[in-house]
Amino acid sequence: MLLILLIVLLLPYLVTPFYRAGHPVSTLMAWRWLKGAPVTRPWIGLSAMSPSLPRSVVGAEDAKFCSHRGVDWGALREVMDDAEEGEVTRGGSTITQQVAKNLFLWPGRSVVRKALELPLALWIDLVLGKQRVLEIYLNIAELGPFGQFGAEAGSLYAFGRSASTLSPRDAALLAAILPNPVKRSARNPGPGVRRLAGTYTARAQASALQRCWSENRAF
């Protein structure tokens with residue numbers, strides 16, 4: 001049993017280097033396939049996307065994406081402080097942590113899952129690098145209410161066109177429905193989603209984020 005447990009724990013670390021190429025799927029996508037639920041995920045490369053989309057998503061989900069090494073320790077400490085004070089905790093997961101969870105772990109809040117997620121996120125950042133992590137995330141994130149996964153499927157559902165043609169406003173609307181595209185809609189955005197989209201449009205143009213893109217030119 002201990003040997004089996006050790007193999008299960010080590011398997012994501014052994015598999016991660018193979019994700020430098022190819023079109024990986026998330027555990028949620030696999031689970032939907034097993035249940036016979038619909039899954040739509042046409043892959044689109046990072047360089048083919050409208051530049052507004054990765055910028056909006058990073059501005060919305062992980063503003064320090066370019067500077068941390070998979071885990072934003074400052075944000076994590078703030079979440080832990082909030083929890084100790086009994087406040088409603090904010091999401092403290094980086095994009096890399098979400099990739100770790102989506103590829104190898106399970107949804108929901110769990111101390112065990114978080115303990116597995118943190119070292120795995122550090123490993124993923126080291127092995128895959130920023131560009132590939134972001135490309136994978138934008139192709140496995142759930143972005144539609146009926147099994148649409150990834151930027152291309154989400155864009156086609158919401159706007160009827162490819163993610164390569166998104167305007168800054170459309171890109172911000174897609175970013176605004178994360179992480180719950182079932183309750184939030186980019187296709188028929190409510191006031192809250194439109195307000196978030198305005199915030200994310202402004203963040204995408206912030207000086208710190210612009211430096212991030214200039215340092216990672218392939219973005």
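Only a predicted model underlies this, so the values are computations on that prediction, with no experimental measurement involved.
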- Message: Does either side chain, that of H68 or that of D62, offer a donor lying less than 3.5 Å from an acceptor on the other one?
- Response: yes
- Rounded to the nearest 0.5 Å, what's the gap from CG on L105 to CD on Q98? Could you check? 12.5 Å
- Note, R203 side chain near R55 side chain (heavy atom, < 4.5 Å): no
- Query: Could you go step by step and tell me if L143 and L178 meet the side-chain contact (heavy atoms from CB on, under 4.5 Å) rule?
  - Reply: CA-CA 7 Å; L143 281 170; L178 292 167; 3.7 Å; yes
- Heavy-atom nearest pair, G70 first then T96, reads O-CB, 3.7 Å
- Query: If you measure from CD1 on I140 to NE2 on H23, what distance do you get to the nearest 0.5 Å?
  - Reply: 13.0 Å
- How about W31: does its CH2 atom have over 12 heavy atoms from other parts shown lying under 6.0 Å from it? no
- From N139 CG over to E152 CD, what is the distance, rounded to the nearest 0.5 angstrom? 9.0 Å
- Message: Closer than 3.5 angstrom, by distance alone: can the side chain of S155 be matched with the main-chain N or O of A151 as a donor-acceptor pair?
- Response: no
- Please lay out, stage by stage, how S50 and T165 fare under the test side-chain contact (heavy atoms from CB on, under 4.5 Å). CA-CA 6 Å; S50 164; T165 65; over 6 Å; no
- Task: State plainly whether one hydrophobic cluster holds both V112 and L5, where clusters connect Ile, Leu, Val, Met, Phe, Trp and Tyr through side-chain heavy atoms under 4.5 angstrom apart.
- Result: yes
- Item | Step-by-step side-chain contact (heavy atoms from CB on, under 4.5 Å) determination, F104 to L116 | CA-CA 10 Å; F104 300 115; L116 296 173; over 6 Å; no
- Non-hydrogen atoms of P145 and Q148 that approach each other most closely: N-OE1, 3.3 Å
- Task: Would you check if Y13 and P119 make a side-chain contact, meaning some heavy-atom pair closer than 4.5 Å?
- Result: yes
- Tell me, do P54 and L46 make a side-chain contact under 4.5 Å, heavy atoms counted? yes
- Task: Run the numbers on R20 and F18 for side-chain contact (heavy atoms from CB on, under 4.5 Å), then give the verdict.
- Result: CA-CA 5 Å; R20 292 186 181 121; F18 293 98; over 6 Å; no
- Message: Looking only at the side chains, is there a donor atom on one of T27 and K101 sitting less than 3.5 Å from an acceptor on the other?
- Response: no
- Query: Can L156 be reached from L173 by stepping across I, L, V, M, F, W or Y side chains whose heavy atoms are under 4.5 Å apart?
  - Reply: no
- Message: Would you say that I177 contacts S185 through its side chain, given a criterion of any heavy-atom pair below 4.5 Å between the two side chains?
- Response: no
- Note on the structure: Output for pair (L138 CG, F149 CZ), nearest 0.5 Å, gives 14.5 Å
- Task: For the pair Q97 (side chain) and A121 (backbone), establish whether a donor and an acceptor sit closer than 3.5 Å, ignoring hydrogens and angles.
- Result: no
- Give the minimum heavy-atom separation between S162 and I44, together with the two atoms involved. OG-CD1, 4.2 Å
- Message: I'd like to know if the side chain of R132 and the backbone of Y19 have a donor-acceptor N/O pair within less than 3.5 Å.
- Response: yes
- Message: Contact between L103 and V25 at the side-chain level, heavy atoms closer than 4.5 Å - yes or no?
- Response: no
- Item | Nearest non-hydrogen partners of A48 and S164, listed with the distance | O-CB, 3.0 Å
- Query: At what distance, to the nearest 0.5 angstrom, does CH2 of W73 lie from OG1 of T94?
  - Reply: 10.0 Å
- For the student: nearest non-hydrogen atoms of P17 and V127, plus distance: CA-CG1, 3.8 Å
- Message: Once rounded to the nearest 0.5 Å, what's the spacing between atom CD1 of I4 and atom CG of L9?
- Response: 12.0 Å
- Message: Using a 6.0 Å cut-off, check whether atom NZ of K64 has over 12 heavy atoms from anything other than its own residue.
- Response: no
- Query: Between D72 and F65, is any pair of side-chain heavy atoms under 4.5 Å apart?
  - Reply: no
- Do side-chain atoms of S56 reach the backbone of L53 as a donor and acceptor pair under 3.5 angstrom? no
- Hey, is the main chain of P38 close enough, under 3.5 Å, to the side chain of R32 for a donor-acceptor pair? yes
- Message: Minimum heavy-atom separation for E117 and S93, please, with both atom names.
- Response: OE2-OG, 3.7 Å
- Query: Is it true that a side-chain atom of S110 and a backbone atom of R113 form a donor plus acceptor pair closer than 3.5 Å?
  - Reply: yes
- Measure the acute angle between the ring planes of F146 and Y157, then classify it against the limits of 30° and 60° as parallel, tilted or perpendicular. perpendicular
- State, yes or no, whether a side-chain contact exists between P181 and R184 at a heavy-atom distance under 4.5 Å. no
- Message: Any non-hydrogen side-chain atom of Y200 less than 4.5 Å from a side-chain atom of V58?
- Response: no
